[in-house]
A.B. asks: 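Quick one: the structure is below, questions incoming.
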Amino acid sequence: FHGHVHQADVTIPEKGMVEIGSGCLSGDLSYTNANIQHQFTVGYIRDNNIICVQRWVDNTDGNEIFASNQLFPERKTFVDPSTIDKEPYERVDAYISRTVLPYETATGDTITRYFSKEKALPLNEVLQKHSKILLLCDAGMGKSIELLNLAHTLCDKYHTFLYSLKDYVDQDIINLLPEVYRKLPSNRIALLLDGYDELSNTSKEIFEKKFRNYLKENENSHIVITSRSNFCRSETTNESKTFPTFNIYVLSELDKVSVVNVLKQKDIDEGKFFSEANAKKVNELVTNPFYLTKLSDLYINANALPKKSELMDKLIEDSFELDEDKYPGDLGEQYCDLFRSLEIIAFSMQ
């Protein structure tokens with residue numbers, strides 16, 4: 001039942017019927033007194049249930065931005081977003097443009113991926129389609145750089161906050177946000193969480209529990225979580241099992257145009273470099289940003305690439321150093337044993 005009132009409020013009479021005032025919306029408020037502003041009521045419905053009702057009021061500051069209060073299922077008063085400064089994120093130097101693919105497309109066969117190129121989109125465009133994204137990729141593919149670029153792209157539109165989960169120490173998720181962000185409407189927040197794979201087993205369980213609680217209270221926020229693919233082995237479809245309601249996307253490999261641009265920035269002759277990479281049988285590594293950086297630096301120093309066995313020794317060592325930075329205290333003691341095991345595997349494969 002709908003009836004017009006000059007207020008937006010929620011009343012629950014004894015019989016249990018919920019009465020929600022509709023407010024008023026007009027192009028001209030000159031005839032009203034100062035206590036009546038533009039106001040209207042927004043309800044969010046999911047799976048046939050009303051999950052949230054908000055009252056939106058014109059803040060009359062001339063920016064046409066509306067501040068909101070939550071009326072149902074519990075009362076909450078939000079801060080006017082226009083009064084809170086947005087966290088700035090600088091442009092990423094020498095950023096390489098990337099795209100993402102839906103999980104089922106990215107993990108399909110070569111023919112499926114080839115005929116699904118039109119599904120590849122920049123991450124910020126995907127976030128306009130799906131407000132909750134789990135971004136997966138292999139080590140060295142540049143997920144942290146991609147998330148930093150996304151923060152720069154979003155920071156003018158949303159109150160954006162990028163947080164590295166390697167720093168997580170069992171806090172409530174709301175307390176990860178800057179204090180001034182915590183009373184904003186959740187649909188004004190873009191929360192970017194980098195490195196789900198960097199959580200310890202104990203912290204991971206606590207994080208997942210507290211994250212579920214955060215989602216119940218902030219269903220309208222925009223959230224992206226990144227992880228290495230092998231830490232989310234249960235995923236088989238575009239809809240995440242690790243984080244229900246999240247859509248899974250995979251960060252695409254570098255295409256040839258992007259690789260060539262990197263080589264040009266370093267004044268490397270692309271023809272000679274690709275010829276050398278093919279001769280040394282490492283051409284499949286150049287689509288990974290981590291390996292491309294190492295290969296190009298080695299090429300600049302020697303004007304050639306080393307033999308494959310020498311190259312792999314160097315890349316394995318650098319990979320351990322990268323992981324040791326991410327997992328301090330875990331790999332140092334095991335380094336020699338792990339390296340010997342890799343050598344044994346390498347010789348067996350040969």
A.B. asks: How would you list, by chain and number, every residue that makes a salt bridge (charged side-chain N to carboxylate O under 4.0 Å, His left out) with Lys280, sequence neighbours excluded?
C.D. replies: Glu276
A.B. asks: Report the residues that fulfil salt bridge (charged side-chain N to carboxylate O under 4.0 Å, His left out) with Asp170, sequence neighbours left out, ordered by chain and then residue number.
C.D. replies: none
A.B. asks: Sub-3.5 Å donor-acceptor pair from the side chain of Thr242 to the main-chain atoms of Ser240, do we have one?
C.D. replies: no
A.B. asks: Would you confirm whether Asp47, through its side chain, and Asn49, through its main-chain N or O, come within 3.5 Å as a donor-acceptor pair?
C.D. replies: no
A.B. asks: Check whether Arg91 reaches the backbone of His152 with its side chain - one donor and one acceptor, N or O, closer than 3.5 Å.
C.D. replies: no
A.B. asks: Would the distance check show the side chain of Gln70 and the main-chain N or O of Glu74 forming a donor-acceptor pair, the cut-off being under 3.5 Å?
C.D. replies: yes
A.B. asks: Please name all residues satisfying salt bridge (charged side-chain N to carboxylate O under 4.0 Å, His left out) with Lys266, sequence neighbours left out, ordered by chain then number.
C.D. replies: Asp297
A.B. asks: Taking the side chain from Asp269 and the backbone from Lys272, do they hold a donor-acceptor pair closer than 3.5 Å?
C.D. replies: yes
A.B. asks: Would you please name every residue forming a side chain to side chain contact (heavy atoms under 4.5 Å, CB included) with Asp172, sequence neighbours left out?
C.D. replies: Ile174, Asn175, Lys210
A.B. asks: Is a side-chain donor or acceptor of Tyr158 paired with a backbone partner of His222 at a separation under 3.5 angstrom?
C.D. replies: no
A.B. asks: Under the 3.5 angstrom rule, does the side chain of Asn149 hit a backbone N or O of Ile145 as a donor-acceptor pair?
C.D. replies: no
A.B. asks: Do side-chain atoms of Asp197 reach the backbone of Arg228 as a donor and acceptor pair under 3.5 angstrom?
C.D. replies: yes
A.B. asks: Quick test of your reading: applying ring-ring contact (aromatic ring centres under 6.0 Å, His included), list the pairs with at least one residue in residues 80-102, sequence neighbours left out, ordered by first then second residue.
C.D. replies: none
A.B. asks: At what distance, to the nearest 0.5 angstrom, does OG1 of Thr107 lie from CG of Leu101?
C.D. replies: 10.0 Å
A.B. asks: Which pairs, with at least one residue in residues 185-221 and sequence neighbours excluded, count as a ring-ring contact (aromatic ring centres under 6.0 Å, His included)?
C.D. replies: Tyr168-Phe207, Tyr196-Phe243, Phe207-Phe211, Phe211-Phe243, Phe211-Phe246
